[in-house]
Amino acid sequence: MTQLMGRPLLEVPGELGGRPVLADLLAGVRTALVGLALVGVPVLGLWIATPYADSDAAGATRLAGALWLLGHGAPVLRGGADAPLTLTPLLLGALMVVRLYRAGAGAASRRGLRSRWGGPVAVWTGYCAVAVGVVLHCAGPGPFRSRVLPDLLVVGLLAGLSTAAGFRSVRPETAFARFLRSVAVGTGSWFDRLPPDWRPVGGMPAVCRAAAAAGAGLVAAGGLLVAGAAVLDAVTGGGRGMALLGRGPAALSGLLLLTVLLLPNAVLWGAAYALGPGFEVGAGTLVSPGGTELGAVPEFPLFALLPQEGPGGWRLAVLLLPLLAGLVPAVLLGRAAAGRRSPVGAGPWTPAATAVAALAAALLLGAGAAALGWLSGGALAAGRMARLGPVPWRTGLAAAGWLAAVAVPGALLVRHRALGPAGVECADAAECADAAVCADGVECADAVEQAETVEGPVDARSPAGGTAGLVRPAPGRGVHARLTVPVRRRALELRARTHALVRRLSGQRGPTG
């Protein structure tokens, strides 16, 4: 009895270690049931708390199943008119993907004799078995109904990709891993087809890092806009969303739950708004910095954050956010072009190769932005509410254009400052006292370490006395060098004097004490 109570029923028992197929099958079933419980428990709790519910317990479970299917991106029919509902809650979808990924990784790390039906195939089979039951249960009459064949295809595709990715993360020598490796090699070999002067050698990792940094910056910009709109709506006029508070605690809790599930969608819509094309909240509408055209929208907390109708005006200032999001990718590409984080034997890139790498990062970001814009949108009903979210191709073009406009000149500027006009790379630009010294062909010395060996006060007027000769701006340099070099020189002098004082107090008179 103690053993039965101490071991979860859906965990893989130790006796099944010699039966990995059954263990993986149960792992898939458990993964699906846990995801279904994450949706079903709040829905059933709200149904119990509602004093006058319109449906019975079977209707509540069908609603939970419909939400579970929507989290996978499966289409659901709504109402008696069979209106399509395809707006996917991305937070729920991310939870499903993470659970399937971990199930695939757990199946890969499990020991024991394994047949061809074990591993991700068994996990996928167990997950899809639960999905079949959910789809059939939700196919009956009710406010939300499933579409049997499309829903099963979508759930099966998502489960297969996520489980295979988790299995591949632990066992990199699978056929799926070899396929991904071949795709990566084929993508990286695209640069090899370019002329030598236009070829960023070993630049594919840097391009991917730059695109990921730009994407993270745009997502942060979208989150900032959503948070700012919420604060502005709460401060001005008491908040349009406050009218939803009078529907009772159960209805308010349901709306808040849906708001949390759709919050990643709202962040991506905010990113599309910052890029310029904006998004739609119904056919014939547009929400963008240049202006807002809205009609009647459903009463929902996130829709209460939409700007008022009319021209953009001061809202055009949000177009500065994509510019800021492109600074970090420009620095990453510029440092890679100067030879930082490059393969052994690969020298600095030419300016043309740097521009090619920046354009490749922009294209990669544009493809990702278009895909995310498509995933975040959908339909709430037929007719006017059949189009919600960003237009994918406009969002992708805007993201690629903004990054290309910022990353190409920014990467070239960072490369120029890191290499200098002579094309010689500094040992460490952060430790160089002046980049102009490296550009003139003089070896870049570590001014900090030299300052630590100075005994006594440093004569700033003597070129050979301490660090003054190292941080003197070269003739003909720009205003930036003549403003920053004296500040760094004073900082080095202060550090040298402090170090000399500490050495005197400790009784050390020379470098060796």
Side-chain angles (χ1 to χ4, degrees), residues 10 24-47 54-104 107 117 120-166 254 257-258 261-262 265 374-375 377-382 386:
L10 292 178
D24 296 338
L25 188 66
L26 290 178
V29 173
R30 179 189 61 199
T31 302
L33 291 179
V34 169
L36 190 59
L38 291 176
V39 182
V41 170
V43 171
L44 290 176
L46 291 175
W47 174 77
D54 297 333
S55 61
D56 53 2
T61 55
R62 279 195 291 268
L63 175 60
L67 288 177
W68 186 78
L69 293 174
L70 279 176
H72 294 80
V76 175
L77 300 178
R78 175 170 175 256
D82 291 341
L85 178 60
T86 59
L87 187 62
T88 303
L90 291 183
L91 180 59
L92 193 57
L95 291 176
M96 303 303 175
V97 170
V98 170
R99 292 289 307 173
L100 286 165
Y101 183 89
R102 294 184 61 184
W117 302 109
V121 178
V123 174
W124 178 83
T125 303
Y127 195 91
C128 290
V130 178
V132 169
V134 173
V135 169
L136 294 178
H137 177 66
C138 297
F144 297 96
R145 294 191 301 108
S146 63
R147 302 174 61 185
V148 178
L149 185 58
D151 290 352
L152 288 178
L153 289 177
V154 173
V155 174
L157 179 61
L158 180 66
L161 293 177
S162 304
T163 306
L257 178 62
L258 288 177
L261 293 179
L262 292 172
N265 301 64
W374 175 72
L375 289 175
L380 283 181

Quick one: does Leu92's side chain get under 4.5 Å of Leu70's, heavy atoms only?
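A side-chain contact under 4.5 Å is absent here.
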
Are the side chains of Leu69 and Val155 in touch, meaning some heavy atoms are under 4.5 Å apart?
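Yes. Closest side-chain heavy atoms under 4.5 Å.
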
Which atom pair, heavy atoms only, marks the closest approach of [X] to [Y]?
{"X": "Leu262", "Y": "Pro89", "value": "CD2-CA, 3.9 Å"}
{"X": "Leu375", "Y": "Leu90", "value": "O-CD2, 3.9 Å"}
{"X": "Ser162", "Y": "Val97", "value": "OG-CG1, 3.7 Å"}
{"X": "Gly71", "Y": "Thr88", "value": "O-CG2, 4.0 Å"}
{"X": "Val148", "Y": "Ala139", "value": "CG2-CB, 4.2 Å"}
{"X": "Leu87", "Y": "Gly378", "value": "CD1-N, 3.9 Å"}

Not counting sequence neighbours, which residues clear side-chain contact (heavy atoms from CB on, under 4.5 Å) with [X]? List them please.
{"X": "Leu91", "value": "Val260, Leu261, Pro264"}
{"X": "Ala94", "value": "none"}
{"X": "Ala381", "value": "Arg78, Ala83, Met385"}
{"X": "Val154", "value": "Ala74, Pro75"}

How long is the span from the CG atom in Leu77 to the SG atom in Cys138, to the nearest 0.5 Å?
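Spacing of CG (Leu77) from SG (Cys138) equals 11.5 Å.
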
Quick one: pull up CG in Leu152 and CG in Leu157 and give me the separation to the nearest 0.5 Å.
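It comes to 12.5 Å.
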
Between Asp24 and Val121, is there a donor-acceptor pair closer than 3.5 Å when you use the side chain of the first and the backbone of the second?
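Absent.
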
Trp124 side chain to Gly156 main-chain N or O, any donor-acceptor pair under 3.5 Å?
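Between the backbone of Gly156 and the side chain of Trp124 there is a qualifying donor-acceptor contact (under 3.5 Å).
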
I need the full list of salt bridge (Lys or Arg N to Asp or Glu O under 4.0 Å) pairs touching residues 128-137, with sequence neighbours left out, sorted by first then second residue.
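Every pair satisfying salt bridge (Lys or Arg N to Asp or Glu O under 4.0 Å) with a residue in residues 128-137: there are none.
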
If you look only at pairs with a residue in residues 25-45, which of them pass as a ring pair (Phe, Tyr, Trp, His ring centres under 6.0 Å), with sequence neighbours excluded?
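Ring pair (Phe, Tyr, Trp, His ring centres under 6.0 Å) check on residues 25-45 returns no pairs.
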
Considering residues at least two apart in sequence or located in another chain, which fulfil the ring pair (Phe, Tyr, Trp, His ring centres under 6.0 Å) criterion with Trp68?
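Expected list: His72, Tyr127.
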
Does anything in residues 92-103 pair up under side-chain hydrogen bond (donor to acceptor under 3.5 Å, both in side chains), and if so which pairs, sequence neighbours excluded?
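Pairs touching residues 92-103 that pass the test: Tyr101-Ser169.
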
Which residue pairs pass the side-chain hydrogen bond (donor to acceptor under 3.5 Å, both in side chains) test with at least one member in residues 132-158, sequence neighbours excluded?
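Residue pairs passing side-chain hydrogen bond (donor to acceptor under 3.5 Å, both in side chains), neighbours aside: Thr61-His137, Asp82-Arg145.
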
Using atom types as modelled, flag every donor-acceptor pair under 3.5 Å from a side chain in residues 36-43 to any protein atom, sequence neighbours excluded.
none

Using the side chain to side chain contact (heavy atoms under 4.5 Å, CB included) definition, which of the options Val34, Leu33, Leu26 pairs with Arg30?
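So, applying the side chain to side chain contact (heavy atoms under 4.5 Å, CB included) to Arg30 and each of Val34, Leu33, Leu26, only Val34 qualifies.
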
